[in-house]
Amino acid sequence: EAQVTQNPRYLITVTGKKLTVTCSQNMNHEYMSWYRQDPGLGLRQIYYSMNVEVTDKGDVPEGYKVSRKEKRNFPLILESPSPNQTSLYFCASSPGQGAAGETQYFGPGTRLLVL
Amino acid sequence: QKEVEQNSGPLSVPEGAIASLNCTYSDRGSQSFFWYRQYSGKSPELIMFIYSNGDKEDGRFTAQLNKASQYVSLLIRDSQPSDSATYLCAVRFTSGTYKYIFGTGTRLKVLA
């Protein structure tokens, strides 16, 4: 089944404890992205990657790191989480070429609580 | 600061009516425009996208783009209770990048 998977789905952590949220897609998509969704603020892009080793900042990159060493994986790293990073996080991927490339497929989401 | 604005709603329409959802954006250079649907507790899913001025139809959905006025709308004909969801407008501002700005979404309620 074609899908985007994220792990973990739920995470409670404490301020300053490094964490990684993994994202993997099995559709051979070029493009991947991370978003956070907060009430009243909507969906905001954190980072995106147009291909292996090519990443760029979205609207809210502060406090986050990403890497794209393999085409299928795009982990999101919080080196020192803070309570304002409590949010619902979505990973997305798309083919990246032509009209079909415009369709982003979202993962199921990761709900993070930073105490 | 590039912005995408939507009325948060809720927009309530009776079953079988036309639901009209609107979105405005700030940058005249914007390239691509998207409508996503998000059910409560679920991930967003793409309904349709539009590049050019005018209308684009897909089943019961019609996207309308007016670049001069900087707005994009989504019409849902013959609305069904299953259409009740939050509708997110998104804009890709720059060709050659995959930087997206989403609106905060409009909550639609279709009343049976």
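Reminder, nothing fancy here: chain letters follow the sequence lines and each chain counts from 1.
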Quiz item: With a 4.5 Å heavy-atom cut-off, do Q38(B) and F90(A) have their side chains touching?
Solution: yes
Quiz item: With the 4.5 Å side-chain cut-off for hydrophobic clustering, are V13(B) and L21(B) part of the same group?
Solution: yes
Exercise. May I ask whether L46(B) and Y31(A) are part of the same hydrophobic cluster, defined by side-chain heavy atoms of I, L, V, M, F, W, Y residues being less than 4.5 angstrom apart, directly or through others?
Key: yes
Self-check item: For the student: nearest non-hydrogen atoms of F106(A) and P44(B), plus distance
Solution: CD1-O, 3.4 Å
Quiz item: When rounded to the nearest 0.5 angstrom, what distance separates OG in S93(A) from OH in Y98(B)?
Solution: 11.5 Å
Quiz item: Which bit of S32(B) is near chain A, if near means a heavy-atom gap under 4.5 Å: side chain, backbone, both or neither?
Solution: side chain
Quiz item: For I77(A), does the CD1 atom sit with more than 12 other heavy atoms under 6.0 Å from it, leaving out its own atoms?
Solution: yes
Quiz item: Applying a criterion of heavy atom separation less than 4.5 Å, what residues of residues 101-112 of chain B form contacts with chain A?
Solution: I101(B), F102(B), G103(B), T104(B)
Self-check item: Same apolar cluster: I50(B) and L74(B), side chain cutoff 4.5 Å
Solution: yes
Determine all donor-acceptor pairs shorter than 3.5 Å in which one atom belongs to a side chain in residues 56-64 of chain A; sequence neighbours excluded.
unit_1: D56(A); atom_1: OD2; unit_2: Y48(A); atom_2: OH; d: 3.4
unit_1: Y64(A); atom_1: OH; unit_2: R36(A); atom_2: NH1; d: 2.9
unit_1: Y64(A); atom_1: OH; unit_2: Y89(A); atom_2: OH; d: 2.7

Quiz item: What residues of residues 66-76 of chain A sit under 4.5 Å from chain B when you count only heavy atoms?
Solution: none
Exercise. Indicate yes or no: at least one non-hydrogen side-chain atom of Y105(A) is less than 4.5 angstrom from one of E45(B).
Key: no
Quiz prompt | Heavy-atom contact with chain B under 4.5 Å, split by part of Y35(A) | solution = side chain
Quiz item: Is the CZ atom of R77(B) crowded by more than 12 outside heavy atoms at less than 6.0 Å?
Solution: yes
Quiz item: What about V72(B) and I47(B), same hydrophobic cluster or not, with Ile/Leu/Val/Met/Phe/Trp/Tyr joined at side-chain heavy-atom distances under 4.5 Å?
Solution: yes
Self-check item: Residue L41(A) versus chain B: region with a heavy atom under 4.5 Å
Solution: backbone
Exercise. Please name the pair of heavy atoms, one in P108(A) and one in S43(B), separated by the smallest distance, quoted to 0.1 Å.
Key: CA-OG, 3.4 Å
Quiz item: Going hydrophobic residue to hydrophobic residue with side-chain gaps under 4.5 angstrom, can you get from Y71(B) over to Y36(B)?
Solution: no
Quiz item: Just wondering, are more than 12 heavy atoms of other shown residues or ligands nearer than 6.0 Å to CD1 in I18(B)?
Solution: no
Self-check item: From T103(A) atom OG1 to F34(B) atom CZ, the distance as rounded to the nearest 0.5 Å
Solution: 8.0 Å
Practice problem: Kindly determine whether F49(B) and Q104(A) satisfy side chain to side chain contact (heavy atoms under 4.5 Å, CB included), including the steps that lead there. | Solution: CA-CA 11 Å; F49(B) 60 86; Q104(A) 289 192 82; over 6 Å; no
Practice problem: Would you mind listing every disulfide (SG to SG under 2.5 Å) that reaches into residues 40-87 of chain B, with sequence neighbours excluded? | Solution: none
